[in-house]
Chemist: 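My structure is below; once you've seen it, I'll send some questions.
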Protein chains: 2
Amino acid sequence: MNTLAEENYLKSIYHLSVNATSVSTNQLAALLNTKASSVTDMLKKLAEKELINYTPYQGVSLTAAGEKIAVNIIRKHRLWEYFLVEKLDFKWDQVHEMAEELEHISSNELIDRLDKFMEYPKFDPHGDPIPDCNGLFKIHNLKPVSSIGINEGGVICGVRDHSKAYLQYLEKQSLTIGKKVTVAEIIEFDHSMVLHTEDNTIQISREVANNLLIAL
Amino acid sequence: MNTLAEENYLKSIYHLSVNATSVSTNQLAALLNTKASSVTDMLKKLAEKELINYTPYQGVSLTAAGEKIAVNIIRKHRLWEYFLVEKLDFKWDQVHEMAEELEHISSNELIDRLDKFMEYPKFDPHGDPIPDCNGLFKIHNLKPVSSIGINEGGVICGVRDHSKAYLQYLEKQSLTIGKKVTVAEIIEFDHSMVLHTEDNTIQISREVANNLLIAL
DNA sequence: AATGAAATTTAGACTTGTCTAAATATATTA
DNA sequence: TAATATATTTAGACAAGTCTAAATTTCATT
């Protein structure tokens with residue numbers, strides 16, 4: 001199969017491809033916490049294996065084969081996260097690092113059985129969709145809370161920022177997946193927002209609102 | 001922490017130490033499927049880290065620190081095997097390779113929660129004891145079936161050979177953990193044995209009897 | 001105790017994935 | 001469009017872990 005490093009590169013290219021047709025060397029270096037020269041070396045190797053389309057200086061994209069591998073790793077990552085939260089009672093801000101290791105456990109039969117054991121969950125603890133064993137998943141059409149107006153609202157279904165600090169903050173404010181929120185007020189000065197939930201009123205900054213995703 | 005290679009060396013030294021005070025370079029090379037010269041290199045590194053006692057040409061043994069790491073890896077291996085069999089419905093001959101990967105997942109909190117989730121099992125699917133979170137475990141005093149006489153018997157509690165072929169054979173013969181067996185006859189010619197179980201009579205070779213462990 | 005066999009270690013090389021520093025290509029802007 | 005800034009690649013080095021071949025140590029046997 002592929003090495004751990006190769007898998008991490010493919011996964012990173014996949015994530016960066018969501019908002020672009022092509023991914024740059026520096027973007028990858030930043031995400032992977034490494035140097036541009038190291039990225040170039042690895043891109044040559046992945047191109048050699050026909051997992052990416054690479055023209056020097058022009059950025060990269062995944063081939064169908066590369067995307068398949070990337071989606072499979074993401075499937076594993078999200079299923080393990082679901083397991084850690086739903087079966088082992090971890091909090092949603094604790095599971096990322098463990099899932100980063102578990103996603104590289106090679107057996108597909110293991111992950112398919114884990115999927116079955118948990119009754120085929122469709123979303124991970126952060127609201128991200130879990131690809132099925134064929135790599136297929138639905139993309140929710142979510143909007144950041146910052147994009148809606150007064151008296152509008154919806155159900156929290158995801159986050160853009162997966163950092164521990166952000167997740168812990170949301171947890172403390174009870175702004176978790178499934179909560180219904182309505183915008184009660186928008187402060188003109190700094191665009192912070194006052195939200196109503198079933199049992200609470202909470203003021204959040206524009207930054208927080210920007211990273212909180214809802215379904216209308 | 002330690003690298004994957006280091007962990008595998010410590011684990012192997014631990015396993016080989018069960019039947020000896022000191023482990024040789026060649027024994028390790030054979031078990032780890034590598035060359036003696038590679039073993040020597042790694043032994044120097046582990047000695048440098050004070051995880052083993054190593055004098056050139058004199059073999060190695062684990063220090064207390066090294067043993068602690070080895071036992072923790074074995075704890076992880078056996079708990080994951082238990083999970084795979086009891087929760088994901090794998091057969092006892094299918095889980096070794098997966099557990100070889102899973103045992104290197106670093107988080108101790110993960111493994112402690114997995115332990116709790118499964119209600120602190122004491123033995124893995126092959127009857128081997130599972131160390132608790134302090135590294136402690138009871139050693140059953142088991143005997144090979146080949147060592148007992150006519151009309152004697154006991155309960156199958158373990159195996160010496162963990163190979164797929166052996167485990168599959170036992171499964172097919174319903175000679176699995178927990179089964180009660182009695183020796184009905186010993187064939188003088190080749191020391192094969194006729195066993196009675198609750199619902200069956202089975203003849204097994206000396207080789208099979210030698211690797212099948214029972215509690216009296 | 002000497003000698004040959006077996007076990008072990010050393011020396012030097014290779015691969016993977018990384019790095020720094022230098023070179024080159026692309027983009028920006030005056 | 002020429003000059004400068006930025007992005008990317010190349011060149012050469014390094015650490016981890018492995019290998020082969022040669023050297024050395026220990027063991028077994030006479």
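Any value given below was found using the heavy atoms of this structure, including those in side chains, with hydrogens, waters and symmetry copies removed. Every chain is numbered from 1, with letters handed out A, B, ... down the list of sequences.
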Chemist: When you measure from the side chain of A/Arg78 to the backbone N and O of A/Phe123, does any donor-acceptor pair fall under 3.5 Å?
Modeler: no
Chemist: Between P on C/dT16 and CD on A/Glu6, what's the gap in Å once rounded to a whole number?
Modeler: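 In whole Å, C/dT16 P lies 9 Å from A/Glu6 CD.
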Chemist: To the nearest Å, give me how far apart CD (A/Gln58) and C1' (D/dT8) are.
Modeler: 10 Å
Chemist: Let me know which of B/Leu212, B/Leu175, B/Ile204 forms a side chain to side chain contact (heavy atoms under 4.5 Å, CB included) with B/Val181.
Modeler: B/Leu175
Chemist: Check the distance between D/dT25's C1' and B/Asn26's CG and give it to me in whole angstrom.
Modeler: 14 Å
Chemist: Does any non-hydrogen side-chain atom of B/Met118 lie less than 4.5 Å from one of B/Lys87?
Modeler: yes
Chemist: Rounded to the nearest angstrom, tell me the gap between atom CG in A/Leu43 and atom C1' in D/dT8.
Modeler: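 A/Leu43 atom CG is separated from D/dT8 atom C1' by 10 Å.
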Chemist: At less than 4.0 Å, is any side-chain N or O atom of B/Ser24 found next to OP1 or OP2 of C/dA7? Yes or no.
Modeler: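 It does not, given that no N or O in the side chain of B/Ser24 lies less than 4.0 Å from OP1 or OP2 of C/dA7.
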Chemist: Please assess B/Asn2 against B/Glu7 for the test side-chain hydrogen bond (donor to acceptor under 3.5 Å, both in side chains), listing each intermediate value before the final yes or no.
Modeler: CA-CA 6 Å; B/Asn2 306 287; B/Glu7 290 192 348; 4.9 Å; no
Chemist: Are B/Ile74 and B/Tyr14 close enough that some pair of their side-chain heavy atoms sits under 4.5 Å apart?
Modeler: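 A side-chain contact under 4.5 Å exists here.
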Chemist: Specify whether A/Phe117 and A/Phe83 have parallel, tilted or perpendicular ring planes, treating 30° as the upper limit for parallel and 60° as the lower limit for perpendicular.
Modeler: tilted
Chemist: In whole Å, I'd like the distance from the NZ atom of A/Lys35 to the P atom of D/dT8.
Modeler: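 It works out to 15 Å between those atoms.
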Chemist: Return yes if a side-chain donor-acceptor contact under 3.5 Å exists between B/Glu171 and B/Trp92, otherwise no.
Modeler: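 The answer is yes; a qualifying pair exists.
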Chemist: What protein N or O atoms touch nucleotides 10-14 of chain D N or O atoms at under 3.5 angstrom, if any, and at what distances?
Modeler:
| unit_1 | atom_1 | unit_2 | atom_2 | d |
| --- | --- | --- | --- | --- |
| D/dT10 | OP2 | A/Lys44 | NZ | 2.7 |

Chemist: Nearest whole angstrom, please: distance from the C1' of C/dT9 to the CE of B/Met42.
Modeler: 16 Å
Chemist: Which atom pairs link the protein and nucleotides 1-3 of chain C when you take only N or O atoms and keep those under 3.5 Å?
Modeler:
none

Chemist: Mind calculating the distance between CG (B/Leu28) and P (D/dT18) to the nearest angstrom?
Modeler: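 For the pair B/Leu28 CG and D/dT18 P, the rounded distance is 12 Å.
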Chemist: Test salt bridge (charged side-chain N to carboxylate O under 4.0 Å, His left out) on A/Glu97 and A/Lys164; report intermediate values, then the result.
Modeler: CA-CA 10 Å; A/Glu97 293 79 4; A/Lys164 205 166 280 200; 3.8 Å; yes
Chemist: May I have the distance from B/Leu46 (atom CG) to D/dA16 (atom P), rounded to whole angstrom?
Modeler: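 After rounding, the gap between these two atoms is 12 Å.
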Chemist: Classify the ring geometry between B/His126 and B/His162 as parallel (under 30°), tilted (30 to 60°) or perpendicular (over 60°).
Modeler: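 B/His126 and B/His162: perpendicular rings.
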